[in-house]
Amino acid sequence: MAGNLSEQELMWRLDLMAFMEGHHPTKAEMKAAPLLSAWKAVVRWRSPGSAGFAVRIAGFVRNHPNFIAEKAITTSPIVWIDASLSWARSERRLYRLAAPFKEMADEDVEPDYGD
Amino acid sequence: MPTKPPLPVRVLLSTTFDTAFDMLHDASCQLACSEDHDVRFGQGWVQMVLAADDDMQLHALREYAGYLNDHDHAAAACAWNMLACVPEAPESYAVVLPNAQAYLSSETLDADADPARVKCATDAMAIWWQAAAGQYKDWSGTTFSLVQDKLRKAHSATTDDSLWNRKALQAKVDAAAAPRTIAGPSVVVMKREPGAKLTPDNAAYKSLMFPMPLVVAKSVATVRGQLLAEFPHAAAAIELLTRDLRDGQPVRTKPALLVGPAGSGKSLLARRFAEVLGLGVYRFDAASSADSMFGGIARSWSTSMPSVPARAVLQTSTGNPVAFVDELDKAAGTSNHNGSLWNSLMPFLERETSARYRDPSLEAELDLSWVVHLATANDEKPLPGPLKDRYRLIRMPAPTLRHLPALAANVIAAIARENDVDVDMYGELQDDELSNIGKAWAARGYSIRALQKIVGATLDARDASNAYAPRH
């Protein structure tokens, strides 16, 4: 079974073993990681028709290797989220987490006076 | 040495929020953290959390998780975050379940892990994911009660399946891993005395020197409702039996003597009372037990044995188990025999004397004042006055035909559990079946035991006619 492991899967599994032991990503890894803001973790079927669930994070990403400008994305399945919600590891890469998306309560909405 | 599953897996195996909370707090207190740990998250914090409203409680649980995460205790942090998940708010799960799943998956791959335990945890995890996907938004309880409910349904009310294994496993897991600090009410049963030594046979009783948890009555109304559904003919008896219980307080009641005709369900009621409250039971058969065994046998005898209440405490690992004496009035020979059982019972039935009972076998002073004493008798007349005075006398009436439909339904549910099938399989009893059962029951003096036999025979007869009907 180990022979069939893709490099990508091997990498996240190794990371996961370290995270489960209480290790955190290094400063260099954090610095290189894209930043997600106004994010929200969502639970979806892992893939259409599959039996299992997966958590993905939807949000606005900066510093992502694939996108130049800030872009709204949904990540690949998340394998670990830091308990203090400051970073997360998807199957593909590490993300830093900024403030999560906050649903505004009615009283928070300022009336727009048009100026 | 059994392997200790990681804390998130132990949360998955927990049957209630409270057991998970206690287990987790005990385990977390053992972890190396900063010096202010006990100040910030010690017993004071526990009291605060248990008294807090929902939002405050979730906030406190997540705060502790964050603190543990800062000290690199990722498993404990994940486990506390799991406690802060509620089915009513599905989004609370999303940031927690990836990590929980990671611990479960690693346990699945662990060759040393108990496969039955892994299976239980995996079944539970599936429910946690469904809750995360918002499938149980209208469930107002905790994830733990949700999991219990769903798994109970999945296993169609079997007595001997996963649910009970889970309970046994939970006990095993906790016994293997739990240190002896207890959140919640507890009692130290055996005082440490300088110079006192236990014999090798009694070595297990050493654990009585540590705090024993006291079982707390969660909701007295629920307990009463449950018992009333099962014993519709005994409303007054149930009221008396549960009179001393208070919501959220450890169970402690005046000794109770259930008196009623044979077959009225006295012993069953006593057992169900204990089960519904979650108390352990130690049964002592007055009719077939020798001499003064109840009070313990002194060390100078070859068969030295601690008293029944002490054995009950040890066996159940709780400070307030039920010490149940069946057929207290039954003579097993000479009146001297009963005299000595009755005499040895006396000191346990008064709070002052039971709080400082000197056990002849352990040779130590025990606090057994929390033990719940229940007894049954067909007739209270032979009992000596002083003994009767120490019990709350509860009359157990015989059921009447009026209670037949409800009682018969209970019997069928019990038969379904025994045969490992869904209760719907038997359907409702038809009117003609009920009237036949009623006649047979009346002829046998309205005893619960007789009703069990009659209903069983009725169902068997149905099976037989169904089996033969299609044949030509």
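Sequence lines set the chain letters: A, B, ... in the order given, protein chains first and strands last, and positions in each chain run from 1.
- Of the two parts of A:His23, neither the backbone nor the side chain holds a non-hydrogen atom closer than 4.5 Å to a non-hydrogen atom of chain B.
- B:Thr122 places a side-chain N or O within donor-acceptor distance of the main-chain N or O of B:Val118, the cut-off being under 3.5 Å.
- For chain B, the nearby part of A:Trp39 is the side chain; its heavy atoms alone come within less than 4.5 Å.
- Residue B:Gln101 does not touch chain A at all, counting heavy-atom pairs closer than 4.5 Å.
- Using a 4.5 Å cut-off between heavy atoms, A:Ala54 contacts chain B through its backbone alone, with no side-chain atom that close.
- Ranking B:Ala77, B:Pro98, B:Ala74 against chain A, the residue ahead of the rest is B:Pro98, based on heavy-atom pairs under 4.5 Å.
- If you measure heavy-atom distances from A:Val79 to chain B, the contacts under 4.5 Å come from the backbone alone.
- Between A:Tyr95 and A:His64, the angle of the ring planes lies from 30° to 60°, which puts this pair in the tilted group.
- Here A:Ile81 is the residue among A:Val42, A:Ile57, A:Leu16, A:Ile81 with the most heavy-atom pairs under 4.5 Å with chain B.
- Ionic pairing of A:Glu91 and A:Arg46 is present here: one or more N-O contacts between side-chain nitrogen and carboxylate oxygen are shorter than 4.0 angstrom.
- Summarising the local packing, CD of A:Glu21 is surrounded by 12 or fewer heavy atoms from other residues, nucleotides or ligands at distances under 6.0 Å.
- Of the two parts of B:Asn81, only the side chain, counted from C-beta on, holds a non-hydrogen atom closer than 4.5 Å to a non-hydrogen atom of chain A.
- Counting non-hydrogen atoms of other residues, nucleotides and ligands closer than 6.0 Å to CE of A:Met11 gives a total of 12 or fewer.
- Annotation for A:Leu14: atom CG counts as buried by contact number, over 12 foreign heavy atoms lying within 6.0 Å.
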